[in-house]
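Scroll down for the structure; my scribbles are underneath it.
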Amino acid sequence: QVQLVESGGGLVQAGGSLRLSCVASGHTVNISTTGWFRRAPGKEREFVGLVWKPGNTYYADSVKGRFAISRDAAENTVSLQMNSLTPEDTAVYYCAALVGKYSSLGSYVKAPSYDFWGQGTQVTVSS
């Protein structure tokens, strides 16, 4: 089992920045991928980005160039640095951990592919 706890959400003005953290505990050695997803009011949960165990990352087009994911293996922490925020980024942000591996990139961007989820942290961007 893996437990995930997100933190760092809050209220920020458009153009501002926030840094979210996801701390993992439990059988963290089995985690192959940590993803970030978000759910805006009235919308489906959508993929934001991910980091694979070696440290390489992949992002949704909507956040590419504005968001950056980093991983501190020693602290079992994955961070999501969000810059140039817009009201469209307002959502509950979730981190998720995947134990297995997939051959298709498309599997990594789908929420059901992930085994463990945090409780989410609210990000609100005011205009």
Side-chain angles (χ1 to χ4, degrees):
Q1 288 290 332
V2 172
Q3 295 78 41
L4 303 170
V5 178
E6 303 99 333
S7 62
L11 173 64
V12 64
Q13 287 189 331
S17 299
L18 276 178
R19 186 176 183 87
L20 307 183
S21 294
C22 173
V23 179
S25 61
H27 293 139
T28 59
V29 67
N30 297 327
I31 298 173
S32 68
T33 309
T34 302
W36 284 95
F37 291 78
R38 65 187 181 185
R39 176 175 283 165
K43 295 187 177 181
E44 297 289 321
R45 189 173 302 193
E46 69 169 342
F47 171 76
V48 174
L50 62 81
V51 58
W52 284 289
K53 196 166 187 175
N56 43 334
T57 55
Y58 179 75
Y59 301 95
D61 287 343
S62 59
V63 306
K64 199 175 297 183
R66 299 188 299 124
F67 291 10
I69 297 174
S70 58
R71 177 173 174 263
D72 184 337
E75 298 293 330
N76 289 321
T77 300
V78 172
S79 298
L80 176 65
Q81 177 66 41
M82 305 185 295
N83 300 323
S84 301
L85 286 162
T86 73
E88 288 68 38
D89 295 315
T90 294
V92 178
Y93 283 72
Y94 302 87
C95 69
L98 172 61
V99 171
K101 294 182 180 181
Y102 295 100
S103 58
S104 167
L105 177 61
S107 297
Y108 285 96
V109 305
K110 296 178 182 177
S113 299
Y114 288 76
D115 303 298
F116 304 99
W117 289 83
Q119 81 288 351
T121 185
Q122 176 70 47
V123 171
T124 302
V125 184
S126 63
S127 57

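All values below were derived from every heavy atom in this structure, side-chain atoms included, with hydrogens, water molecules and symmetry-related copies excluded. Starting from 1, each residue takes its place in the sequence as its number.
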Quiz prompt | Transitive ILVMFWY side-chain link Val92 to Leu4, under 4.5 Å | solution = no

Quiz item: What's the shortest heavy-atom distance between Cys22 and Trp36, and which atoms?
Solution: CB-CZ2, 3.6 Å

Exercise. Indicate, with yes or no, if Val63 and Leu18 share a hydrophobic cluster defined by side-chain heavy-atom contacts under 4.5 Å among Ile, Leu, Val, Met, Phe, Trp and Tyr.
Key: yes

Quiz item: Between atom OG1 of Thr33 and atom CG of Asn56, what is the distance when rounded to the nearest 0.5 Å?
Solution: 9.0 Å

Exercise. Answer yes if the ring centres of Tyr102 and Tyr108 are under 6.0 angstrom apart, and no otherwise.
Key: yes

Self-check item: Side chain proximity check, Arg66 to Asp89, heavy atoms < 4.5 angstrom
Solution: yes

Exercise. List the atom of Ile31, the atom of Ala24, and the distance in Å for their closest heavy-atom pair.
Key: CD1-CB, 4.1 Å

Practice problem: Assess whether atom NZ of Lys110 is packed by more than 12 heavy atoms of other residues, nucleotides or ligands within 6.0 Å. | Solution: no

Exercise. Determine the minimum heavy-atom distance between Ser84 and Ser17, stating which atoms define it.
Key: N-OG, 4.4 Å

Exercise. State plainly whether one hydrophobic cluster holds both Val125 and Met82, where clusters connect Ile, Leu, Val, Met, Phe, Trp and Tyr through side-chain heavy atoms under 4.5 angstrom apart.
Key: yes

Self-check item: Ser21 OG to Gln81 CD distance, which is reported to the nearest 0.5 Å
Solution: 9.5 Å

Quiz prompt | Residues Thr124 and Gln122: side-chain donor-acceptor under 3.5 angstrom | solution = yes

Practice problem: Identify the heavy atoms of Phe37 and Val109 that sit nearest to each other, and give their distance. | Solution: CE2-O, 3.6 Å

Quiz item: Does any non-hydrogen side-chain atom of Glu6 lie less than 4.5 Å from one of Gln119?
Solution: yes

Quiz prompt | Straight-line distance of His27 NE2 to Gln3 CD, nearest 0.5 Å | solution = 9.0 Å

Quiz item: Going hydrophobic residue to hydrophobic residue with side-chain gaps under 4.5 angstrom, can you get from Tyr114 over to Tyr58?
Solution: yes

Quiz item: Could you state the interatomic distance from CG (Leu50) to CG (Leu80), rounded to the nearest 0.5 Å?
Solution: 11.5 Å

Self-check item: Spacing of OG1 belonging to Thr28 relative to NZ belonging to Lys53, to within rounding of 0.5 Å
Solution: 8.0 Å

Quiz item: Is it true that Val48 and Ile69 fall in one hydrophobic cluster, defined by side-chain heavy atoms closer than 4.5 Å?
Solution: yes

Quiz prompt | Minimum-distance pair of heavy atoms, taken over all atoms of Leu20 and Tyr93 | solution = CD1-CB, 3.5 Å

Quiz item: Which value, rounded to the nearest 0.5 Å, describes the distance between Arg71 atom CZ and Asn76 atom CG?
Solution: 8.0 Å

Quiz item: What closest approach, in Å, do Ser107 and Ser113 show between heavy atoms, and which atom pair accounts for it?
Solution: O-OG, 2.6 Å

